[in-house]
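Below you'll find the structure, written out as structure tokens, and then a few comments.
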Amino acid sequence: MDSVLQTFFDVHLMASVFPDLIRIGLVNTLTLAGGATAIGLVVGMALALAALSRRAWLRWPARVYVDIFRGLPIILTIFLLGQGLPLAGVHPFGTNSYPYGIVALGLVTGSYISEIFRSGIQAVAPGQLEAARALGMPYLTAMRLVVVPQGVRNVLPALTNQFIGTIKDSSLVYLLGFAEGQRELYRIGQDVAQRTGNMSSLVAAGLMYLVITVPLTHLVNLLDRRLKNGRPKTATPQAGDGPGPDARPTPMEVTSA
């Protein structure tokens with residue numbers, strides 16, 4: 001039992017690695033996840049609208065994109081884009097691997113977010129679009145001002161949940177070989193574990209992931225409950241309740257008086 005505790009819960013080793021996990025790993029993990037989510041939101045919305053289009057030349061490419069990026073393992077996509085593009089002579093970001101990791105993760109995230117947006121938009125009652133068109137709005141304007149905002153509101157918990165998944169998936173970009181100051185949580189824990197032969201640094205990295213994801217998970221549950229319950233209703237007068245002190249008598253009351 002002592003050897004297990006020493007291997008996984010070496011307090012001194014965990015304390016020595018926490019500064020790097022917080023100062024470097026946490027910042028880079030949130031940067032990777034935030035950048036990938038921003039790209040995913042833009043790509044996902046464009047794909048969702050294309051998938052819902054009546055034009056086949058828009059609908060089918062969106063469907064193919066989603067099937068490919070959702071069907072491939074994320075680590076394979078990251079490797080193909082992050083290592084394959086520079087090997088092919090395509091260097092949009094020079095020799096810096098960090099942007100390649102964000103873009104690769106963002107393109108994958110976009111394929112999942114597109115399905116979230118599509119389901120949210122389709123959940124909006126068709127009468128909303130018909131009413132907007134009846135008021136004279138063009139189709140795109142009605143979608144932008146009426147349908148899409150309601151669809152996004154419907155899927156806020158799912159989007160937050162996807163962000164949690166992207167935070168965890170950011171640990172896969174380590175294979176691109178980031179510089180010392182670009183390492184995310186997992187890579188820092190792994191480097192210390194390889195150097196010391198002790199798993200406590202990886203346990204410390206796992207604790208940092210939990211610090212991020214557990215509050216976000218509770219936020220998802222809170223958003224889900226709020227959206228299901230709706231806004232609290234104002235109290236309505238009950239039978240037997242007398243009129244307020246400032247209530248005016250009705251004509252019938254005046255006549256009978």
Side-chain angles (χ1 to χ4, degrees), residues 8-9 11 14-15 17-45 47-48 66 69-75 77-78 101-124 148-174 183-190 193 199-232:
F8 292 97
F9 300 101
V11 177
M14 294 173 72
V17 77
F18 266 126
D20 283 344
L21 288 174
I22 297 172
R23 182 173 53 89
I24 300 174
L26 181 61
V27 173
N28 285 318
T29 293
L30 293 177
T31 301
L32 288 167
T37 301
I39 294 174
L41 288 171
V42 176
V43 172
M45 180 57 74
L47 289 172
V66 171
F69 280 92
R70 292 186 69 185
L72 291 175
I74 296 178
I75 194 170
T77 303
I78 292 173
I102 294 177
V103 171
L105 199 59
L107 294 178
V108 175
T109 303
S111 66
Y112 287 92
I113 290 180
S114 70
E115 291 297 280
I116 295 174
F117 278 147
R118 184 178 64 83
S119 64
I121 293 172
Q122 287 181 322
V124 177
V148 171
Q150 294 185 65
V152 172
R153 181 179 181 275
N154 291 337
V155 298
L156 281 178
L159 289 176
T160 308
N161 201 42
Q162 178 60 43
F163 179 62
I164 295 173
T166 305
I167 290 174
K168 292 183 287 187
D169 291 338
S170 66
S171 62
L172 299 174
V173 300
Y174 77 94
R183 296 176 301 165
E184 31 69 48
L185 291 172
Y186 172 76
R187 184 58 187 268
I188 292 176
Q190 183 194 41
M199 297 292 105
S200 299
S201 59
L202 285 173
V203 173
L207 291 176
M208 291 301 301
Y209 280 111
L210 292 177
V211 168
I212 305 172
T213 58
V214 170
L216 286 176
T217 301
H218 288 290
L219 177 61
V220 170
N221 296 332
L222 177 62
L223 285 174
D224 194 38
R225 288 195 300 268
R226 290 290 299 273
L227 291 176
K228 285 181 178 178
N229 297 334
R231 294 181 179 179

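Excluded from the calculations below are hydrogen atoms, water molecules and symmetry mates; all remaining heavy atoms, backbone and side chain alike, are included.
Leu47 and Ser114 make their closest contact through CB-CB, 3.6 Å (heavy atoms, listed as atom of the first residue, atom of the second, distance). Residues Ser170 and Glu184 come closest through the heavy atom pair O-CG, 3.9 Å. In terms of heavy atoms, Asn154 sits closest to Ala123 at ND2-CB, 4.2 Å. Shown here for Ile102 and Thr31, the closest heavy-atom pair between the two residues is CD1-O, 4.4 Å. Closest approach of Ile113 to Thr37, counting heavy atoms only: CD1-O, 4.4 Å. Taking all atoms of both residues into account, the shortest heavy-atom contact from Ile78 to Ala104 is CA-CB, 3.9 Å.
Sorted by first and then second residue, the side chain to side chain donor-acceptor pair (under 3.5 Å) pairs involving residues 210-221 (not counting sequence neighbours) form an empty list.
Here Ile22 contributes atom CD1 and Leu185 contributes atom CG; the two are 9.5 Å apart, rounded to the nearest 0.5 Å. The OG atom of Ser200 lies 8.5 Å from the CZ atom of Phe8; values are rounded to the nearest 0.5 Å. For the atom pair CZ of Phe163 and CG of Leu30, the computed distance is 6.0 Å after rounding to the nearest 0.5 Å. With rounding to the nearest 0.5 angstrom, the OH atom of Tyr186 is 13.0 Å from the CG atom of Leu21.
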Subject >> Worked check of side chain to side chain contact (heavy atoms under 4.5 Å, CB included) between Thr77 and Leu107 >> reply: CA-CA 9 Å; Thr77 303; Leu107 294 178; 5.8 Å; no
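Although no hydrogens or angles enter the test, the distance criterion places no donor-acceptor pair under 3.5 Å between the side chain of Ser111 and the main chain of Val66. In terms of modelled atom types and a separation under 3.5 Å, the side chain of Thr166 and the main chain of Ala33 share no donor-acceptor contact.
When the options Asp169, Leu72, Ile74 are evaluated for a side chain to side chain contact (heavy atoms under 4.5 Å, CB included) with Val108, the one that passes is Ile74.
Within the 4.5 Å cutoff, the side chain of Val155 has no heavy atoms near those of the Ile121 side chain. In this structure the side chain of Ile167 reaches within 4.5 angstrom of the side chain of Leu216, judged on heavy atoms. Asn28 places none of its side-chain heavy atoms less than 4.5 Å from the side chain of Arg187. Between Leu207 and Phe18, the closest side-chain pair of non-hydrogen atoms falls below 4.5 Å. Between Gln150 and Arg153 the shortest side-chain heavy-atom distance does not fall below 4.5 Å. Between Leu41 and Phe117, the closest side-chain pair of non-hydrogen atoms falls below 4.5 Å. Proximity of Met208 to Ile212: side-chain heavy atoms (C-beta onward) are nowhere separated by under 4.5 Å. Between Phe69 and Thr109, the closest side-chain pair of non-hydrogen atoms is not below 4.5 Å.
Residues satisfying the side-chain contact (heavy atoms from CB on, under 4.5 Å) test with Arg23, not counting sequence neighbours, are Asp20. The side-chain contact (heavy atoms from CB on, under 4.5 Å) check on Pro73 picks up Ile75, Leu76, with sequence neighbours excluded.
Of the charged side-chain nitrogens involved, at least one lies within less than 4.0 Å of a carboxylate oxygen, so that Arg118 and Glu115 count as a salt-bridged pair.
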